[in-house]
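Everything below concerns the one structure shown next.
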Amino acid sequence: MSLAAERETASLDEVLWQAWKGMELPEGYRAEIIEGSIEVWPIGRRRHGAVANRLRRALTLHPADGRYAAYQAGDVIHRRKVWIPDLFIAPADLDEIPDEEDFGVDASGVRAVFEVVSPGREARHATGSASAAPTPARASRSTS
């Protein structure tokens with residue numbers, strides 16, 4: 001990528017980051033930055049939450065040493081990108097891994113993220129859904 005293209009991408013990333021931070025969404029909606037644009041849609045329904053909570057309960061049994069815990073619906077920050085996975089595994093004390101602007105947690109301290117994908121949304125949510133950090137092209141903001 002040329003230097004000019006890198007600067008343009010960095011500039012777009014900053015504009016999207018500032019727009020995302022300033023958004024005031026109606027209750028029950030989330031906004032994500034996906035491949036250079038902001039998309040808004042409703043948060044998952046009851047069944048979606050029930051499946052995510054079942055997974056959280058199951059994962060809570062595994063980090064037995066107490067250093068890690070399972071969390072739901074927190075902001076995971078990676079290079080001015082934010083992802084709100086349905087579930088993530090991070091240190092039991094989240095104050096150990098704050099992001100630089102205190103919106104959420106730094107992705108470098110997150111061990112795993114999980115996304116519950118509803119039927120018909122597989123293609124839209126497949127990118128980065130099981131990675132240890134959000135993909136650079138994806139960010140999320142939600143209200144509940």
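Keep in mind that this is a model prediction, so the values were computed, not measured. Here, residue 1 is the first one in the sequence, and each next residue gets the next number. Atom set for the values below is all heavy atoms of this structure, side chains included, hydrogens, waters and symmetry mates excluded.
Between Ala31 and Val40, the shortest heavy-atom contact is CB-CG2, 3.9 Å. Of all heavy-atom pairs spanning Ala70 and Leu87, the tightest one is CB-CD1, 4.1 Å. Pro91 approaches Gly109 most closely through the heavy-atom pair CD-O, 3.3 Å. For the pair Ala92 and Gly66, the tightest heavy-atom approach, listed with the atom from each and the gap, is CB-O, 3.4 Å. In this structure, Asp106 and Pro98 approach most closely via the heavy-atom pair CB-O, 3.8 Å.
In this structure, the side chains of Met23 and Tyr29 stay at 4.5 Å or more apart for every pair of heavy atoms. A 4.5 Å side-chain heavy-atom check between Phe103 and Lys21 finds at least one atom pair inside the cut-off. For the pair Trp83 and His78, the minimum side-chain heavy-atom distance is 4.5 Å or more. The shortest side-chain heavy-atom distance between Pro85 and Val76 falls under the 4.5 Å cut-off. The shortest distance between side-chain heavy atoms of Leu16 and Ile38 falls below 4.5 Å. The side-chain heavy atoms of Ile77 and Asp75, taken from C-beta on, include a pair separated by under 4.5 Å. The shortest side-chain heavy-atom distance between Val105 and Tyr71 does not fall under the 4.5 Å cut-off.
Checked by atom type and distance alone, the side chain of Arg30 pairs as donor or acceptor with a backbone atom of Ile84 at under 3.5 Å.
Among residues at least two apart or in separate chains, side chain to side chain donor-acceptor pair (under 3.5 Å) pairs with a member in residues 86-99 are His48-Asp86.
Considering CD of Glu115 and CZ of Phe88, their distance stands at 12.5 Å, rounded to 0.5 Å. Distance check, rounded to the nearest 0.5 Å: CZ of Phe114 to CD1 of Ile89 gives 5.5 Å. To the nearest 0.5 Å, atom OG1 of residue Thr60 and atom CG of residue Leu55 are 9.0 Å apart.
In this structure, the side-chain hydrogen bond (donor to acceptor under 3.5 Å, both in side chains) partners of Gln18, at least two apart in sequence or on a different chain, are Glu14.
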